[in-house]
> 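This is the structure, below, for whatever I ask next.
Both backbone and side-chain heavy atoms feed into the values below; hydrogens, waters and symmetry mates do not. In the text below, chain A, chain B and the rest are named by the order of the sequence lines, each starting its count at 1. Source: prediction; values computed, not measured.
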There are 2 protein chains.
Amino acid sequence: MIPPLSTPALVVDLDLFDANVDAMNELLQGTGKTVRPHVKTHRTPELAKRQLGQFAVGVTCATVGEAEVMVAAGIHDVLIANEVVDEAKLARIARLAQFANVMIAADDPAPVEALSRAAKRAGVTVGVLLDVDVLLHRCGVVSVPEALALARVIEGAPGVRLDGIMGYEGRVRLHTERRDELIAGAYAFLHKVRDGLVAAGHQVDVVSTAGTSTIREAIADPFVTEVQAGVYALMESELLVMDLPFRCAAAVRGTVISRHPGHFVADVGRRVVGVEYGPPVAVGIEASAVALSDEHATVAIAGTPPALGSQVDFIPGQIRTTFNLHDHVWVSRGGEIVDRWPVSARGASQ
Amino acid sequence: MIPPLSTPALVVDLDLFDANVDAMNELLQGTGKTVRPHVKTHRTPELAKRQLGQFAVGVTCATVGEAEVMVAAGIHDVLIANEVVDEAKLARIARLAQFANVMIAADDPAPVEALSRAAKRAGVTVGVLLDVDVLLHRCGVVSVPEALALARVIEGAPGVRLDGIMGYEGRVRLHTERRDELIAGAYAFLHKVRDGLVAAGHQVDVVSTAGTSTIREAIADPFVTEVQAGVYALMESELLVMDLPFRCAAAVRGTVISRHPGHFVADVGRRVVGVEYGPPVAVGIEASAVALSDEHATVAIAGTPPALGSQVDFIPGQIRTTFNLHDHVWVSRGGEIVDRWPVSARGASQ
């Protein structure tokens, strides 16, 4: 018999994970579009590799460190969907391009020129997606002239290659005010930049966008070529209200360490579960509230608390910050723990 | 010349850290009380060891894993200020007691009996602090009869020893409504439990309580013997409004990766800085807002953004979840990076 896991422990239900991956492929079937799973969601190569095949040929990463871990694990096509500007990191990207097809995002000429020098030294070519600020007002160019100026720099620099454009419309949720308008506006601006680049003679092979919450809109859009969704494979409870064929596949397992009339306490706190989108949901418990402190989940209940020492699963609200807190993810099949995989890119934020 | 750190990077200013430790010793001078620094704050043995001496003979830990790391680093007196109930962890505590003086918290007879069996097998004695729910309604006994019943179990079990009581009054901030009343009520209940135990013939050597935000009240209290403060050594910006002699000593250093009129973006997101008490504060920047996403801090400003590639320090609001995101902390002296120490207990939540 397998002894109970020492808690708190991160557990992924591989049956549900695989079903989510299948559901994504079904959504993409016949659309001509691809998915480039964002691996910041789990930072786990063993999970990333299970998402590839069918409509996914590569992954999306947020950091150079994530990309290095994925390439080392045998994934040969990575997009770093983020601005990278310092010389040391650009040199790491050039080295990585000796082993894999690498694209990065850019919104400024200076880092493109620095990347060009690093790529030349390494004898490689690195793809660039021109980052377009479609909604978030974070990174990205904000006008067609700005896009054209940057595209000319990319085309003129040796060792770099303009692969296309990307724009992330953010987590536009089901109940976001003016949701349709926001998404339509984001894609309209992406089209405008694309058309401007094409009219100026640039080739725009890739139009990359969308997270899980806008997957249906991205698929319906005629110009989008790939979606960068990541959460879909593990899901977050707040996205469950949307009409999406994905279910929650990850939980943090805790132990009941204190019980009282009206509440119990489990050893699941903010250092093992991300709480940016609210507290986790206790599975199979009729809880009126779940309050998290550093090491404790205090679960308010009406009935009798579960036995001291028994285990309870908590579904995290924020999946990306949760995986980043764990060195390993335990893997279950049919409710039984069958394996343990390293979250190899945990902490790989540099 | 030392090259700039690859970012995001956690940096502790050791001049400020040492000054905070000195300030705590000055507060305790002549009071007869001790501090037992809570190392969940930083999970870093090199920092913990710098807090010991003068009025600190041991440390407070939140988890068995933290205690193991601290003992392995040469600290010989640890309190695990938390309920531990499962057999495997209790066996680890008994093993640890072969190398160090170990105390744990308890609020239920069952784990005390299990700990007694584990301690007997290991040939050790483990101290127990009877946990009293003074304010948080989380763990802890809630009445004197409950305390007396548990004390009898502890006294009657071989291999365990009743060392005293503890109660944590939570983060009662400066502007918490009815602050004085809440703290006074918490200590009054702690006294009541202590008096009840003493009247029944139990020895109560230790009365352990307080975090940084209630340090002055704990020192003024006649019965408190030690304070479990931890944040004081690194501080959090929200506590700066209090009349405390401590300054912020830790920051997450980021690089400016995108700049625009009205805002810039640094590579400091929720996966490198804890945001439970709000976004971090950008040092030396007149920011009207700092918005955090997974890998980005978007800093709204009125003037010209700092240069692309330049570095900016961000003081975290939540120090404990921040350290737990990093494998190493860089150490500065007089503004220069002089060393790098492992955050050895990062992730040691089991």
> Between the side chains of B/Gln228 and B/Thr60, is a donor N or O closer than 3.5 angstrom to an acceptor N or O?
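Absent: no donor and acceptor within the cut-off.
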
> With the threshold set at 4.0 Å, does a side-chain nitrogen-carboxylate oxygen contact exist between B/Lys89 and A/Asp267?
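Salt bridge flag = yes for A/Asp267 with B/Lys89.
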
> Could you have a look at B/Leu136, B/Ile257, B/Val272 and say which one has the most heavy-atom pairs with chain A under 4.5 angstrom?
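Looking at each of B/Leu136, B/Ile257, B/Val272 in turn, B/Ile257 comes out on top.
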
> Checking heavy atoms, do the side chain of B/Thr255, its backbone, both or neither come under 4.5 Å from chain A?
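Interface part for B/Thr255: side chain.
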
> Sort out for me which of B/Leu308, B/Val275, B/Leu325 touches chain A most, counting heavy-atom pairs under 4.5 Å.
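The option with the most such pairs is B/Leu308.
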
> Return the option, out of A/Gly347, A/Ala291, A/Gly140, A/Pro111, with the maximum number of heavy-atom pairs under 4.5 Å with chain B.
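Most heavy-atom pairs within the cutoff with chain B belong to A/Gly140.
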
> Considering only heavy atoms and a distance below 4.5 Å, find which of A/Ala88, A/Ser258, A/Gly274, A/Gly269 pairs most often with chain B.
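Most heavy-atom pairs within the cutoff with chain B belong to A/Ser258.
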
> I'd like to know which of A/Gly309, A/Ser349, A/Gly262 tops the heavy-atom pair count under 4.5 Å against chain B.
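Answer, by heavy-atom pair count under 4.5 Å with chain B: A/Ser349.
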
> Measure B/Asn82 against the heavy atoms of chain A and call it side chain, backbone, both or neither at under 4.5 Å.
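Contact with chain A is through the side chain of B/Asn82 alone.
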
> When rounded to the nearest 0.5 angstrom, what distance separates CG in B/Leu135 from CZ in B/Phe189?
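If we round to the nearest 0.5 Å, B/Leu135:CG and B/Phe189:CZ are 11.5 Å apart.
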
> Flag the one option from B/Arg271, B/Glu83, B/Arg270 with the top tally of heavy-atom pairs under 4.5 Å to chain A.
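Highest number of heavy-atom pairs under 4.5 Å: B/Arg271.
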
> Judged by modelled atom types alone, do A/Arg43 and A/Ser344 share a side-chain donor-acceptor pair under 3.5 Å?
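No pair is found: no donor N or O on one side chain lies under 3.5 Å from an acceptor on the other.
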
> So which of A/His137, A/Glu276, A/Glu87 has the biggest tally of heavy-atom pairs under 4.5 Å with chain B?
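So the answer, after comparing A/His137, A/Glu276, A/Glu87, is A/Glu276.
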
> Is a salt bridge present between B/Arg346 and A/Asp327, judged by a nitrogen-to-oxygen distance below 4.0 Å?
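Answer for the salt bridge query: yes.
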
> Looking at A/Arg320 and B/Asp294, is there a salt bridge between them, counting it only when a charged N and a carboxylate O are closer than 4.0 Å?
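Answer for the salt bridge query: yes.
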
> Any side-chain heavy-atom pair from B/His42 and B/Val329 closer than 4.5 angstrom?
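No, too far: nothing below the 4.5 Å cut-off.
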
> Does any heavy atom of chain A fall under 4.5 Å from the side chain of B/Thr298, the backbone, both, or neither of them?
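Contact with chain A is through the side chain of B/Thr298 alone.
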
> Please classify the contact of B/Val84 with chain A as side chain, backbone, both or neither, using a heavy-atom distance under 4.5 Å.
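Looking at B/Val84, nothing touches chain A.
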
> Between B/Gln350, B/His326, B/His260, B/His296, which has the largest tally of heavy atom pairs under 4.5 Å with chain A?
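Option with the top pair count is B/His296.
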
> Is the shortest side-chain N to carboxylate O distance from A/Lys40 to A/Glu66 below 4.0 Å?
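Result for this pair is no, no salt bridge flagged.
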
